[in-house]
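Chain A is the first sequence line, chain B the second, and so forth, proteins listed ahead of strands; every chain is numbered from 1. These numbers were taken from a predicted model, which means no experiment stands behind them.
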Number of protein chains: 2
Amino acid sequence: MRSHINSRDPLAHEVLAAVLQVRSARGSDRPPSLQVLLWRRALDPHLGRWSLPGGRLRADEDVETSIRRQLAEKVDIRQLRHVEQLAVFSDPRRVPGPRVVATAFLGLVPSDVDPEVPEDTAWHPVEDPPRTAFDHRDIVTGARDRLRAKLSYTNLGFALVPRRFPISVLRDHYSAALGYRVSATNLQRVLSRRGLLTDTGDTAPSGRSGGRPATLYSFVHDDMQVTDPFAAFKPPSAGRARTS
Amino acid sequence: MRSHINSRDPLAHEVLAAVLQVRSARGSDRPPSLQVLLWRRALDPHLGRWSLPGGRLRADEDVETSIRRQLAEKVDIRQLRHVEQLAVFSDPRRVPGPRVVATAFLGLVPSDVDPEVPEDTAWHPVEDPPRTAFDHRDIVTGARDRLRAKLSYTNLGFALVPRRFPISVLRDHYSAALGYRVSATNLQRVLSRRGLLTDTGDTAPSGRSGGRPATLYSFVHDDMQVTDPFAAFKPPSAGRARTS
DNA sequence: ACAAAAGTGTTGCGACTACACCCATGA
DNA sequence: TCATGGGTGTAGTCGCAACACTTTTGT
């Protein structure tokens, strides 16, 4: 504890990322869910709790470079398809000890990679995360809400799915991320009307119990674009909901 | 210049605000415009250029407290009706000399106050700002865009206008902020349908050349709320535009 | 043939734009 | 009574949700 605090004291800056991915419980055929990568703290403030990956900002990098470097170094996430700033967390007492200001990020990993992560990290459902260290839970919530909002008016879905996918898979990803069941029919039409999807010409083999083979689609752009200032995919109209 | 840079060096943090207000050119009866408060730098890096108000983050305050304090202290803006974080600017070379990371804010002042500001500050149109110091122009642009977007799906208009206002005044403010002419008729209907406006019962006296006296309305809430995940007030449909 | 899964046609609704028209005041 | 500005009625459009129906496969 310093006895005197100078108002122009420099302070430490860290970057943190809520890395989200739509994942299926291994083996199970329950629907996949939106999950966040957390690691268990090995040091004392909040030892044993779950926290977001990240670390100190270096002198020669900006915050986005920093979070990308740290994710690549520490948890082997090189497959990030999208990274964006969420907010600054700056409560002077947000962490015990010397002050640290944090810049929080949202990161997205497509579901067809399973990045190798260290022993002490694990994926947790964003809807029901474990007890986290510091203010990290707020960051997870913020990341989830940002993703949900942007699915409605941007092409951000591209960052959740493999390059090529049948509509049913796309539907499962949107449903997992949004937290409610979305209609494959209307999803296809909305995204097509906006010019976001292309038919690759190929089809996926039909499943174990037959059925018409599904056309493989892909997103036209692989960077985020605002496609519609309007939002869509609102939760079903709460009364006659039956979104097949 | 330090000869050795340690990657865990602490660094300075500043807060900056793009304070926006819809203002009329004094005396003129041209339509009002969206303007930003800038002050002329008296110190050497970029001496004489225009810059955003703000300053160093103190050890005992979070970034929002800090920007509110600094605006109150330095430029006598106590009438902020809305403050929100925009983004972190962290390029290591964004300012000459020792590194400073900045958190940028959007601030809104209603048009019925004319805050007393120091000699060396002035309001400038956001559409055509003067040459600014550092990366401050990007912050101004970001603030403008954030305001425009939020006018479409929140009640943020409340922060631009006086407490009570006729629809024609509201229309002028939306038009100034959005940069294109908005229909008073439809503006009233959209905001009413969303439950954002109330009829105060009073009316404004009719102007110099007669006309029906206007009802005075006010916003129902005086804090920001997301009222519609959808956007509205898109520019007129570029072909048959005649938005009276 | 029949089940299963993919995809299309069609209807209805809600929210917005555009614009004609009516209302209340000052001169 | 006329000019001026405020406000309402109403028709057309667009985007989406819902759901019935058709298509294409495996068994």
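- A:Arg193 has a side-chain polar atom (N or O) that falls below the 4.0 Å cut-off from OP1 or OP2 of D:dC16.
- With D:dC16, C:dT25, C:dG7 as the choices, the nucleotide that has an atom nearest any side-chain atom of A:Gln188 turns out to be C:dG7.
- For the pair A:Tyr153 OH and D:dG15 P, the computed distance is 19 Å after rounding to whole Å.
- Remark: B:Thr198 pairs with B:Ser218 by the side chain to side chain donor-acceptor pair (under 3.5 Å) rule, at least two apart or across chains.
- Closest non-hydrogen pair, B:Leu151 versus B:Ala177, comes out as CD1-CB, 3.6 Å.
- Atom CZ in A:Arg171 sits roughly 14 Å away from atom C1' in D:dA18 (whole-Å rounding).
- An end-to-end axis angle of 20° holds for the helix from C:dA1-D:dT27 to C:dA27-D:dT1, taken from five base pairs per end and rounded to 10°.
- Partners of A:Asp202 according to the side chain to side chain donor-acceptor pair (under 3.5 Å) rule, which considers only residues two or more places apart in sequence or in another chain, are A:Arg164.
- Ranking C:dG9, D:dT24, D:dA17 by closeness to the A:Thr185 side chain, first place goes to C:dG9.
- In summary, the aromatic rings of A:Phe165 and A:Phe219 are positioned with their centroids under 6.0 Å apart.
- As a whole-Å value, the separation of A:Asp202 CG from D:dT24 C1' is 17 Å.
- Salt bridge A:Arg23/A:Asp114: present, at least one basic N to carboxylate O contact under 4.0 Å.
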Inset, instruction - I would like to know whether A:Thr132 and A:Val140 meet side chain to side chain contact (heavy atoms under 4.5 Å, CB included); could you show each step before the answer? - result: CA-CA 10 Å; A:Thr132 65; A:Val140 172; 5.5 Å; no
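- The interatomic distance linking B:Leu191 (CG) with C:dA15 (C1') rounds to 13 Å, in whole Å.
- B:Thr215 comes within 4.0 angstrom of sugar-phosphate atoms only, judged by non-hydrogen atoms across all strands, and of no base.
- Side-chain nitrogen and oxygen atoms of B:Ser168 include at least one within less than 4.0 Å of the OP1 or OP2 phosphate oxygen of D:dG6.
- To the nearest angstrom, C1' of D:dC19 lies 9 Å from CG of A:Asn186.
- Against DNA chain D, the stretch residues 159-166 of chain A makes no heavy-atom approach under 4.0 Å.
- Put simply, OH on B:Tyr217 is 11 Å from P on D:dG6, counting in whole angstrom units.
- Residues that satisfy the side-chain contact (heavy atoms from CB on, under 4.5 Å) test with A:Glu84, not counting sequence neighbours, are A:His82, A:Leu106, A:Arg146, A:Lys150, A:Met224.
- Classification of B:Arg81 and B:Asp223 as a salt-bridged pair fails, no side-chain N sitting under 4.0 Å from a carboxylate O.
- Take the nearest nucleotide of DNA chain C for A:Arg212 and for A:Arg189: the residue whose nucleotide is more 5' is A:Arg212.
- For the pair A:Leu170 CG and C:dA6 P, the interatomic distance rounds to 12 Å; values are reported in whole Å.
- Here B:Ala214 pairs with B:Pro166 under the side-chain contact (heavy atoms from CB on, under 4.5 Å) rule; sequence neighbours left out.
- Across the protein-nucleic acid pair, A:Leu151 atom CG and D:dC16 atom C1' stand 17 Å apart, rounded to whole Å.
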